[in-house]
Amino acid sequence: MSGFACRHSLPKSQNLDLRTMAGQKVRTRFAPSPTGYLHVGGLRTALYNYLFAKRMNGDFVIRIEDTDQSRRVEDAEKNLISTLEWAGIIADESPIHGGNYGPYVQSQRLSIYRDYCTRLLEDKNAYYCFSTSEELEENRQLQLKQALQPKYNRKWLPEEMGGNMPESEIKKKLDEGAPYVVRMKVPDYISVWFEDMIRGPIEFDSATIDDQVLMKSDGFPTYHFASVIDDHLMEFTHIIRGEEWLPSMPKHLLLYEFFGWEPPKFAHLPLLLNPDRSKLSKRQGDVAVEDYMRKGYSNEAIVNFVALLGWNEGEGSEQEVFSMDELISKFSLERVGKAGAVFNVEKLSWLEKQYIKTRPIEKIVEGIKPVLQAKLAEFSPEMSVERISSDDYLGKVVELMRERVNFEHEFVTFSSYFFFEPESYEAEAVAKRWTPEVPALIQEFAELLEASDDFTAENIEAQLKAFVAPKGLKPAVLIHPLRIAASGVSFGPSLYHMLEVLGKEAVLRRIRRAIERIEAPVA
RNA sequence: GGCCCCAUCGACUAGUGGUUAGGUCAUCACCCUUUCAAGGUGGUAGCACGGGUUCGAAUCCCGUUGGGGUCACCA
């Protein structure tokens, strides 16, 4: 067999991640194209790159791959970076943070790619191709019809590189200024091999690889070309990216070989999947991190959740909730699985609840205050704004509601009766609980409350029980109507605590109002 | 279709030759209970299949099946 075998191997080590690379600082990157929003799969890729870099005391950088002008979206780059920062993923180097390896935007590195392309051309590892897209398409159809592998037919491969095109023809086209692309010349029958940090050894046969376009006719490089050059020049030690890049590995490896560069280590992450196990896509639900932000998921929950999709601590660990710092200290590529993972929103929601239950009250108050204040301005509240927008009052509401809320914003929506009088009374609950004897009963109890100075949960409870017992009634006959009168709904926190927080004045007013407004069901 | 990757409960996963196959979400039942939650207890549910290797395979090898990715002047 002629040609060269291109073999890049990594020693198989138990501690692949932790092996310090001969004094070399670990550098990883996230290289999105600015086509709009941040995909949750992209978030996970960025996260793993970040975690790995930080775990190894290395640097994490963001590079923007905008070599496709037609797909450029305004502000996408800024959004991408700010969404990552929201998630707690802060780059050491990026277009906006700067760094010593810039520019970090590929469209600003065009001359670099041109220079390296010239080198490839000179070394006869690449060649000009003047085939039009129509020709290529025609060729593709023809091959498809013959059940052949659609592949470039090497029409413009020069004679001196083993093709059929005379040098003179190429020169003529060039002189005419005809549009062209530059293609890499893939050696015919060699084996390209590497060791993936997650998947182990993988081998490809060069015969199945197309002569990939390196430079497009608009003078921009293709992804394959630009990323290899940048990954080398920016001195990344580890390339951690999605599994969808696995099939283009041989092209990339060949480029490293052409340039005589030592390739970095590669780790191809399993894909994030739709419920039907296809690649996570927009069609089957939300895929943008922004979508989840909008729904009210917190950065903590999303990061935690996405981290667990493909990675686990192992060794019998049963921990489900991880902070970013814990993730950094525990993450390792060895513990990343090979199989795709379905993005299961239910578990995300469960995680969100876990965070709501443990988040410091002050922090929640701080988060809901602006929303609440806007609402208070819009509708006039029942009680004094000073009181109900005080940290003290809000803290009490949060304390009562935190175990019954799914998102932080629900503290405002589910708790509206802590700020506004109920506008209506839940019909079903009224039908079931507001029996004909209730108005008189509740009226009598209200008078009792009014006469008392101690409006605490304990005392209200004691009063209610003492009130109801001699009548031979169960507390429930009063508890439910009181809840309806005070909140208008049948679900909520502990009644006594709810009443205490609402305060005597508001509670009495609401009871009176309920008696007036609720029609007792006909017995 | 070619090439490549993958395969433990419905979902996320632990497991690296000997386990009653463990945990979490979801689900079901019960308990707690003034509602709704939360919490507690328990249950249903899984090694895709077939061959090997071995005293012994979820674990190692091969094949089959299934799923996915990728085959652009998109990334």
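We name chains A, B, ... by the order of the sequence lines, and we start the count at 1 in each one. Hydrogens, waters and symmetry mates play no part in the numbers below; they use all other heavy atoms, side chains included. Everything numeric in this text was worked out from a predicted model, so none of it was measured.
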With rounding to the closest Å, how many angstrom separate the [atom1] atoms on [N] and [M]?
N      : M      : atom1 : result
B/rG67 : B/rA72 : P     : 23 Å
B/rU44 : B/rC61 : P     : 33 Å
B/rA37 : B/rA45 : P     : 27 Å
B/rC62 : B/rC55 : C1'   : 22 Å
B/rG43 : B/rU20 : C1'   : 16 Å
B/rC47 : B/rU59 : P     : 12 Å

Name every donor-acceptor pair, under 3.5 Å, that has one atom in a side chain of residues 69-76 of chain A and the other anywhere in the protein, sequence neighbours excluded.
unit_1, atom_1, unit_2, atom_2, d
A/Ser70, OG, A/Asp68, OD1, 2.6
A/Arg72, NH1, A/Asp66, OD2, 2.5
A/Arg72, NH2, A/Glu77, OE1, 3.4

_Those residues of residues 480-489 of chain A lying under 4.0 Å from RNA chain B by at least one heavy atom_ =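 Here the set is A/His480, A/Arg483.
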*asked:* With the threshold set at under 4.0 Å for non-hydrogen atoms, list the residues of residues 461-472 of chain A touching RNA chain B in residue-number order.
replied: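 Residues of residues 461-472 of chain A under 4.0 Å from RNA chain B: none.
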_Partner residues of A/Asn312 under the side-chain hydrogen bond (donor to acceptor under 3.5 Å, both in side chains) criterion, sequence neighbours left out_ =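 Result, side-chain hydrogen bond (donor to acceptor under 3.5 Å, both in side chains) vs A/Asn312: A/Arg335.
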Short N/O separations, protein against nucleotides 28-31 of chain B, under 3.5 angstrom:
none

Heteroatom pairs (N/O) under 3.5 angstrom, protein to nucleotides 18-20 of chain B:
none

*Please, which pairs that meet salt bridge (charged side-chain N to carboxylate O under 4.0 Å, His left out) have at least one residue in residues 469-490 of chain A, sequence neighbours excluded?*
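Salt bridge (charged side-chain N to carboxylate O under 4.0 Å, His left out) check on residues 469-490 of chain A returns A/Glu444-A/Lys471.
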*Do A/Asn139 and A/Tyr152 have a side chain donor and acceptor closer than 3.5 Å?*
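No pair is found: no donor N or O on one side chain lies under 3.5 Å from an acceptor on the other.
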_Side chains of A/Gln354 and A/Glu320, donor plus acceptor under 3.5 Å_ =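 There is no such pair (donor and acceptor under 3.5 Å, judged by atom type) between the side chains of A/Gln354 and A/Glu320.
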Detail all sub-3.5 Å separations between protein N/O atoms and N/O atoms belonging to nucleotides 4-9 of chain B.
unit_1, atom_1, unit_2, atom_2, d
B/rC5, O2', A/Arg199, NH1, 2.6
B/rC5, O2', A/Glu243, OE2, 2.8

*For A/Lys396, enumerate each residue passing the salt bridge (charged side-chain N to carboxylate O under 4.0 Å, His left out) test, keeping only those at least two apart in sequence or located in another chain.*
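So A/Lys396 forms a salt bridge (charged side-chain N to carboxylate O under 4.0 Å, His left out) with A/Asp392.
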*Taking ring-ring contact (aromatic ring centres under 6.0 Å, His included) as the test, write out the residues that go with A/Tyr496, two or more places apart.*
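Result, ring-ring contact (aromatic ring centres under 6.0 Å, His included) vs A/Tyr496: none returned.
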*Per the atom types in the model, does the base of B/rC36 pair as donor or acceptor with the side chain of A/Ser490 at under 3.5 Å?*
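In this structure, the two groups form no donor-acceptor pair.
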*Between the base of B/rU34 and the side chain of A/Lys474, is there any donor-acceptor pair under 3.5 Å?*
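A donor-acceptor contact between them is absent.
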At under 4.0 Å between heavy atoms, what does [X] touch on the DNA or RNA strands: base, sugar-phosphate, or nothing?
X        : result
A/Arg183 : sugar-phosphate
A/Gly337 : nothing
A/Gly316 : sugar-phosphate
A/Pro32  : nothing
A/Glu244 : sugar-phosphate

*For B/rC49, which nucleotide is its Watson-Crick or G-U wobble mate, given both distances must be under 3.5 Å?*
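Paired with B/rG63.
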Please list each protein N or O that sits under 3.5 Å from an N or O in nucleotides 58-66 of chain B, with the distance.
none

Using a cutoff of under 3.5 Å, can you pull out all pairs of nitrogen or oxygen atoms linking the protein to nucleotides 39-44 of chain B, with atom names and distances?
unit_1, atom_1, unit_2, atom_2, d
B/rG39, OP1, A/Lys357, NZ, 2.9

*Which one of A/Lys151, A/Arg154, A/Lys185, A/Lys155 satisfies the salt bridge (charged side-chain N to carboxylate O under 4.0 Å, His left out) criterion with A/Asp211?*
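Testing each of A/Lys151, A/Arg154, A/Lys185, A/Lys155 against A/Asp211, the sole residue satisfying salt bridge (charged side-chain N to carboxylate O under 4.0 Å, His left out) is A/Arg154.
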*B/rU34, B/rC3, B/rC74: which one has an atom nearest the side-chain heavy atoms of A/Thr208?*
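Within the option list, the nearest is B/rC3.
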*Option from A/Lys338, A/Glu243, A/Arg241, A/Glu244 for which side-chain hydrogen bond (donor to acceptor under 3.5 Å, both in side chains) with A/His268 holds*: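 The single option meeting the side-chain hydrogen bond (donor to acceptor under 3.5 Å, both in side chains) with A/His268 is A/Arg241.
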